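Working notes for the structure below.
This chain uses plain numbering: 1 for the first residue, then up along the sequence. Predicted model only: the values in this text are computed from it and were never measured.
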Amino acid sequence: DLRCVGFLLSKAIGYAIVVGSAVVKLPQLHKIYSAKTVTGISLLSLLLALIGITISMSFNIAMQYPFSTWGESMTLSVQYAIIIIFYFYYTRNFTYLLTFLLLHAASIIYLTMGYLSQDKLTMLAVVTIPTAQISKAIQVFVNFHHGHTGVLSKLTIGLECLGSIGRIYTTLLETDSLILLANFLIDAVCNTTLFLQIIIY
């Protein structure tokens, strides 16, 4: 049955994305650590991406969607947080570093422990569509403005392109959420633009 094959393929892609997401930012982290700099990386872009991913994760938990359709949000939120920690460390903003850690921990507790209703989380999830994509648009603009992509990792951005395309497929098959579908469609366009910038610059 083709429907069954499609569902199994969706599950396989979903779990492959979740597993891959656990290491997708490692090339970026390694590049920053090796260079001991965050040149070319936009802090605002990172913060907006982390906010979007954290809210998306909380929304999926509340809606009880299959883990295979959103699990990468959990691992990516950890990796984005580490990149932001690196950013503050290498720019010697230790007060901001401590403030970030406290605020991020508090927001995760608040969003995932049932303090917000499903309606409010849905509203937040809708807001994250432009927020997450604006974060990438900011990075695109920073790259264009500087005429280079700094320490952005080609491997990381390339894997994110593939992941967002895979997520379009799993979202279509396993959820009925237009919010998630719109998010992944726009994400695929933004990731592709970033990847092309890395190649061009």
Side-chain angles (χ1 to χ4, degrees), residues 14-61 67-113 124-125 128 131-143 146 148-164 166-167 183-184 187 190-191 194-195 197-198:
Y15 281 115
I17 291 170
V18 172
V19 171
S21 71
V23 296
V24 73
K25 292 290 184 185
L26 291 185
Q28 184 64 73
L29 286 163
H30 180 262
K31 211 165 178 187
I32 293 169
Y33 179 77
S34 296
K36 301 290 188 285
T37 180
V38 287
T39 300
I41 293 179
S42 165
L43 176 61
L44 180 58
S45 174
L46 292 172
L47 290 170
L48 287 173
L50 181 60
I51 290 167
I53 286 172
T54 303
I55 292 172
S56 177
M57 177 182 69
S58 305
F59 170 74
N60 280 285
I61 290 170
F67 183 74
S68 61
T69 65
W70 63 268
E72 74 275 9
S73 296
M74 191 176 293
T75 57
L76 283 173
S77 67
V78 172
Q79 291 171 85
Y80 268 111
I82 294 170
I83 293 172
I84 292 168
I85 289 167
F86 274 19
Y87 189 98
F88 289 131
Y89 178 80
Y90 287 121
T91 56
R92 299 292 184 250
N93 288 312
F94 299 114
T95 303
Y96 289 156
L97 173 55
L98 182 59
T99 304
F100 163 73
L101 289 172
L102 293 172
L103 287 175
H104 185 53
S107 67
I108 288 176
I109 291 167
Y110 183 73
L111 289 169
T112 60
M113 299 302 285
L124 279 176
T128 65
T131 301
Q133 306 326 323
I134 286 168
S135 77
K136 294 196 173 169
I138 290 169
Q139 186 63 62
V140 167
F141 176 77
V142 167
N143 295 344
H146 291 289
H148 64 80
T149 55
V151 291
L152 282 180
S153 166
K154 184 190 292 184
L155 181 58
T156 291
I157 302 298
L159 290 172
E160 286 180 346
C161 279
L162 293 175
S164 53
R167 271 292 165 237
N183 189 36
F184 291 125
D187 199 47
C190 291
N191 282 331
L194 281 170
F195 188 70
Q197 281 188 318
I198 291 174

All N/O donor-acceptor pairs, side-chain side in residues 98-110, below 3.5 Å, sequence neighbours left out:
unit_1 : atom_1 : unit_2 : atom_2 : d
T99    : OG1    : T95    : O      : 2.9
S107   : OG     : L103   : O      : 3.4
S107   : OG     : H104   : O      : 2.8

message = For Y96, I'd like to know if atom OH has over 12 heavy atoms of other residues, nucleotides or ligands within 6.0 Å.
response = no
message = Working to the nearest 0.5 angstrom, can you tell me the gap between R167 CZ and S21 OG?
response = 8.0 Å
task = Search all heavy atoms of I157 against all heavy atoms of F195 and return the closest pair with its distance.
result = CG2-N, 3.5 Å
ask   = Between H146 (side chain) and H148 (backbone), is there a donor-acceptor pair under 3.5 Å?
value = no
request  = Let me see the working for Q79 and T75 under side-chain contact (heavy atoms from CB on, under 4.5 Å), right down to the final yes or no.
outcome  = CA-CA 6 Å; Q79 291 171 85; T75 57; 4.1 Å; yes
Pair up each side-chain donor or acceptor in residues 47-60 with any protein partner under 3.5 Å, not counting sequence neighbours, and list the distances.
unit_1 : atom_1 : unit_2 : atom_2 : d
T54    : OG1    : L50    : O      : 2.8
S58    : OG     : T54    : O      : 2.9
N60    : ND2    : S56    : O      : 2.8

ask   = So, does D187 use its side chain to make a donor-acceptor pair with the main chain of N183 at under 3.5 Å?
value = no
ask   = Taking the six-membered ring of Y33, is the NZ or CZ of K36 close enough (under 6.0 Å from the centre) and on axis enough (within 45°)?
value = yes
Audit row: I61, L111, side-chain contact (heavy atoms from CB on, under 4.5 Å) steps and yes/no = CA-CA 10 Å; I61 290 170; L111 289 169; over 6 Å; no
ask   = Per the side chain to side chain contact (heavy atoms under 4.5 Å, CB included) rule, which among L152, V142, T149 passes with Q197?
value = T149
key: Over all atoms of both residues, closest heavy-atom pair of V151 and K31   = O-CD, 3.3 Å
Main-chain N/O of K25 paired to E160 side chain as donor or acceptor, under 3.5 Å = no
inquiry  = Return the CZ to CG distance between F86 and L97, rounded to the nearest 0.5 Å.
reply    = 11.0 Å
request  = Start with the C-alpha gap between T37 and I32, add the side-chain angles, then the distance that decides, and say whether side-chain contact (heavy atoms from CB on, under 4.5 Å) holds.
outcome  = CA-CA 6 Å; T37 180; I32 293 169; over 6 Å; no
request  = Please say whether the positively charged group of R92, taken as NZ for Lys or CZ for Arg, lies over the ring of Y89, i.e. under 6.0 angstrom from the six-membered ring centre and within 45 degrees of the axis.
outcome  = yes
Set of side-chain hydrogen bond (donor to acceptor under 3.5 Å, both in side chains) partners for Q28, sequence neighbours left out = none
query = How long is the span from the OG atom in S45 to the CD1 atom in I134, to the nearest 0.5 Å?
reply = 11.0 Å
query = For the residue pair T156 and V24, what are the closest heavy atoms and their distance?
reply = OG1-O, 2.8 Å
task = State the CD-CG distance between Q139 and L44, to the nearest 0.5 angstrom.
result = 10.0 Å
task = To the nearest 0.5 Å, tell me how far L162 CG sits from N191 CG.
result = 9.5 Å
query = Are the side chain of E72 and the backbone N or O of G20 linked by a donor-acceptor pair below 3.5 Å?
reply = no
remark   = Nearest heavy-atom contact between I17 and G166 is CD1-C, 3.7 Å
ask   = Roughly how far, to the nearest 0.5 Å, is the CD1 atom of I138 from the CG atom of N143?
value = 12.0 Å
